[in-house]
Amino acid sequence: AWRLQLSLRCGNAMLRALKTWPAALHRLAGQSSQSLAPDEVSHNSVCVHMADAACWLHVLQLFTQQRHLCLQVDVMGCGSGITAFATCLVPLWRDALTMMNFM
């Protein structure tokens with residue numbers, strides 16, 4: 001009998017393929033509950049979705065979660081955070097620059 005097991009790489013690909021940030025965030029939580037500890041790539045995939053939707057507050061919360069998990073916020077994640085701030089109705093450039101503190 002074949003047993004299919006979800007790998008972290010497959011989970012990260014699914015996160016990137018999702019169409020909305022709420023779906024990606026829900027899937028990220030699902031990875032944790034399936035004993036697939038999310039890594040930096042997992043978080044970056046969700047951050048990209050949030051940046052597209054200008055969800056800067058959610059990006060900050062995700063970065064805080066990454067720190068609690070002892071995961072590094074890398075250039076891709078930080079770039080997504082800056083994009084989220086920059087695409088707001090009123091661009092928050094000063095706040096966007098504070099994203100560098102997470103790196």
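Note that the numbering runs from 1 along the sequence shown for the chain. Just so you know, these numbers come straight off a predicted model, no measurement behind them.
Note that CG of Leu28 is 9.5 Å distant from SG of Cys47, once rounded to the nearest 0.5 Å. Atom OG1 of residue Thr20 and atom CZ of residue Arg27 lie 13.5 Å apart, to the nearest 0.5 angstrom.
Each ring pair (Phe, Tyr, Trp, His ring centres under 6.0 Å) pair with one or both residues in residues 12-40, not counting sequence neighbours, appears once here: Trp21-His58.
Closest heavy-atom contact between Ala37 and Leu8: O-CD1, 3.6 Å. The shortest heavy-atom contact between Ala51 and Ser80 is CB-O, 3.1 Å. For Glu40 against Gln72, the heavy-atom pair with the smallest separation is CG-O, 3.0 Å.
Between Met76 and Val48 the shortest side-chain heavy-atom distance falls below 4.5 Å. Annotation: side chain of Leu15 is not in contact with side chain of His49 (no heavy-atom distance under 4.5 Å). For the pair Leu71/His43, a side-chain contact is recorded, criterion being any heavy-atom separation below 4.5 Å from C-beta on.
Tracing side-chain contacts under 4.5 Å through hydrophobic residues (I, L, V, M, F, W, Y), one reaches Leu60 starting from Val46; they form part of the same cluster. Grouping the Ile, Leu, Val, Met, Phe, Trp and Tyr side chains by contacts below 4.5 angstrom, directly or via other members, places Phe63 with Leu57.
Using modelled atom types, one finds a donor on one side chain and an acceptor on the other under 3.5 Å when comparing Asn12 with Ser42.
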Would Arg9 and Val41 satisfy side chain to side chain contact (heavy atoms under 4.5 Å, CB included), going step by step from the backbone distance to the final call?
CA-CA 9 Å; Arg9 180 177 278 172; Val41 175; over 6 Å; no

